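All values reported here derive from a predicted model rather than from experimental measurement.
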Amino acid sequence: MVLVSDLPGEDQDMSKGQPSAKRKKKVVKRWREEWADTYKWAYVDMKEGTARIFCSVCREYGRKHRRNPYGNEGSRNMQMSALEEHNNSLLHKEALRLQTASKDKIVVEKPIYVKTLMSKSAGSIVEGALKRDPNEVEFIQSVQESVHALERVIAKNSHYVNIMERLLEPERMIVFRVPWIDDRGETHVNRGFRVQFNQALGPCRGGIRFHPSMNLSIAKFLGFQQTLKNALSPYKLGGASGGSDFDPKGRSDNEIMRFCQSFMNEMYRYMGPDKDLPSEEVGVGTREMGYLFGQYRRLAGQFQGSFTGPRIYWAASSLRTEASGYGVVYFARLMLADMNKEIKGLRCVVSGCGKIAMHVVEKLIACGAHPVTVSDSKGYLVDDDGFDYMKLAFLREIKSQQRSLRDYSKTYARAKYFDEVKPWNERCDVAFPCASQNEVDQADAINLVNAGCRLLVEGSNMPCTAEAVDVFRKANVLIAPAIAAGAGGVAAGEIEVLRESNSMQWSAEDFESRLQEALKQTYEKALKAANDFGYQKESPEALLHGATIAAFLNIAQAMTDQGCV
């Protein structure tokens, strides 16, 4: 709880009968102490030069988020009743549960940012999600963003409220233990997840993530985003996601193999070409997918080549690994073409140094752009001369040897590495967040706007917080959402299935051409949906809302046709 010691105009709220200023200060101090003890879910902070009482959960203030408790709004009782009215709202009460650590001690660590929704119907969907899953912060955030994008759809047809409520409950959530033995013979236990979110359009496709932060909330949020991403693509697919809180960093190949085999011992029951096929995600590359597939083949007794990832080395040439990163750049080119611009010569800022980020940098170089940054968990590297193919190869060598990006600056003296900061204050024309969810917060968004950014293309899932999106919208920065810009991986997986089923041998050029066509269809579908619901192409909300609308309407039609299942 944050309290401001000197509040401007605080004497205005005391009765006129007080004999002296000194006496007033004592009364105000006692009042503040009593108030702080009673209203533990609030704090005092400055906003636009005025002290206000804020809700610690929503970070909003006053009656319906407008009342000024220390201005000319009335007595202390009126101020307190204004806060109480807000705190008694259902939306606040459910959001408040997210912050409850214990009954005895309340610690507010990660407040939920609750957007104001235009309609009661849309608000009821968010309230229902909060009531059912009060502790799943990432999932609730993705729900809020989607419902906000669908407000005009819901307003036109109330039937979609029920469809959305059903969609937000996954068809199947699998949580299981993963025991494994390390090279020293010690036993470890991790937790595994697989959320098969929706199969109304077809069998599930979605990534597997191995990372210490992995939990059910992240698995659900990724599964929900993947469901929308697959529905927006030209292919008939359902969505899923999963993984484990296992950290592959620092582990030997044998340890990773034993873990992957143990993971698949449980998961193979729910896998199959007509059920669910996984793909690569954070912490899971070709090595991990190979081990997972090997155990799946052994247990299931079938060789399913479209188990995306490993077979790229066992069949003809493929761009499966590069597809997600390449697709992000293709999508940026489509947006720039509609603005009568091209990506050649533009200064680009990229975050992350994983598969997607590196392939984004590679394709930017090929297109003549000027990528200048990459980042890791410790900080970011900037090279104002820009990366080229030789420098990119050196970055990949550093990464493969698990060295720090700081080593790059030892070879290229003009490059600089900055500890514990993100690259969003670097001057740029286009930004490509490709690291993790919520990596761009409100302060980062302001830095990007001030740095000249006019286009942000999401390479990772939900990289921007809700506050950051609001900053970009007000500054007219165009955003390409991950469910549209990140569809390259979906397209590549299905292109491979088509190629294998027809026993065709495609060149890399053919593969890339089909990938570009799939992304073009995705882009046009999102823009058409935005236009149908009144969003102009030039609006920052056009792609952001249009992509969600198009995906949802596809799923909603299938769910309606199939009945209550």
Side-chain angles (χ1 to χ4, degrees), residues 98 101-102 132-140 142 169-199 203-227 238-272 275-302 304 307-310 436-437 461:
L98 292 164
S102 68
R132 177 168 286 183
D133 303 307
N135 299 310
E136 297 176 357
V137 179
E138 294 82 5
F139 178 60
I140 294 299
S142 65
E169 184 62 23
E171 291 186 9
R172 187 175 293 106
M173 292 183 285
I174 307 150
V175 183
F176 53 96
R177 70 179 181 184
V178 188
W180 58 282
I181 299 174
D182 65 19
D183 291 340
R184 294 177 296 180
E186 296 180 2
T187 301
H188 301 266
V189 177
N190 287 90
R191 182 171 290 177
F193 306 92
R194 190 64 176 176
V195 177
Q196 296 174 342
F197 217 96
N198 190 280
Q199 300 182 72
C204 290
R205 297 289 191 274
I208 291 181
R209 174 181 293 192
F210 290 165
H211 194 273
S213 66
M214 191 66 182
N215 55 39
L216 186 59
S217 173
I218 292 177
K220 287 178 67 177
F221 128 67
L222 291 173
F224 181 52
Q225 293 280 298
Q226 192 67 46
T227 299
S241 187
S244 174
D245 55 2
F246 170 75
D247 188 357
K249 289 183 179 179
R251 294 294 178 182
S252 68
D253 286 353
N254 283 333
E255 288 175 326
I256 292 173
M257 180 185 70
R258 286 192 289 269
F259 176 83
C260 289
Q261 290 173 346
S262 181
F263 183 90
M264 191 51 68
N265 283 344
E266 179 67 27
M267 279 306 304
Y268 87 96
R269 299 176 177 87
Y270 310 98
M271 296 287 168
K275 296 179 183 177
D276 182 3
L277 289 175
S279 57
E280 300 171 5
E281 238 268 11
V282 174
V284 177
T286 303
R287 174 185 57 179
E288 288 79 10
M289 289 300 291
Y291 293 147
L292 290 167
F293 175 74
Q295 189 70 355
Y296 168 78
R297 178 186 60 78
R298 179 183 183 187
L299 295 170
Q302 62 178 353
Q304 179 54 49
F307 195 103
T308 53
S436 63
Q437 69 268 10
N461 289 298

Peer 1: Between Arg258 and Asp253, does any side-chain N to carboxylate O distance fall below 4.0 Å?
Peer 2: no

Peer 1: Can you sort out the partners of Arg269 under salt bridge (Lys or Arg N to Asp or Glu O under 4.0 Å), two or more places apart, ordered by chain and number?
Peer 2: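 With sequence neighbours excluded, Arg269 shows a salt bridge (Lys or Arg N to Asp or Glu O under 4.0 Å) to Glu266, given in chain and number order.
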
Peer 1: For Phe263, give me all partners under ring pair (Phe, Tyr, Trp, His ring centres under 6.0 Å), at least two apart in sequence or on another chain.
Peer 2: Phe176, Phe210

Peer 1: Does a donor on one side chain and an acceptor on the other come within less than 3.5 Å for Ser241 and Gln226?
Peer 2: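 Note: Ser241 and Gln226 side chains miss the donor-acceptor criterion.
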
Peer 1: In terms of side-chain heavy atoms, does Asn461 have a donor or acceptor partner in Gln225 at a distance below 3.5 Å?
Peer 2: no

Peer 1: Using side-chain heavy atoms (C-beta onward) and a distance below 4.5 Å, is Ile218 in contact with Gln437?
Peer 2: yes

Peer 1: Is there side-chain contact between Pro278 and Met271, with heavy atoms separated by less than 4.5 Å?
Peer 2: yes

Peer 1: Just wondering, do Ile174 and Phe193 contact through their side chains at under 4.5 Å, heavy atoms?
Peer 2: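 Heavy-atom side-chain distance check fails, nothing below 4.5 Å.
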
Peer 1: So, Asn190 versus Ser244: side-chain donor-acceptor pair below 3.5 Å or not?
Peer 2: no

Peer 1: Would Tyr268 and Tyr296 count as a ring pair (Phe, Tyr, Trp, His ring centres under 6.0 Å) here? Give the steps.
Peer 2: CA-CA 6 Å; Tyr268 87 96; Tyr296 168 78; 7.6 Å; no

Peer 1: Do Tyr291 and Gln295 have side chains that get closer than 4.5 Å, going by heavy atoms?
Peer 2: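 Counting from C-beta outward, Tyr291 and Gln295 never come under 4.5 Å.
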
Peer 1: Output all residues satisfying side-chain contact (heavy atoms from CB on, under 4.5 Å) with Asp247, sequence neighbours left out; order by chain, then residue number.
Peer 2: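 Partners of Asp247 under the side-chain contact (heavy atoms from CB on, under 4.5 Å) test: Pro212, Lys249.
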
Peer 1: Quick check: closest heavy atoms across Cys204 and Gln199, and the distance to 0.1 Å?
Peer 2: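 It is SG-CG, 3.2 Å.
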
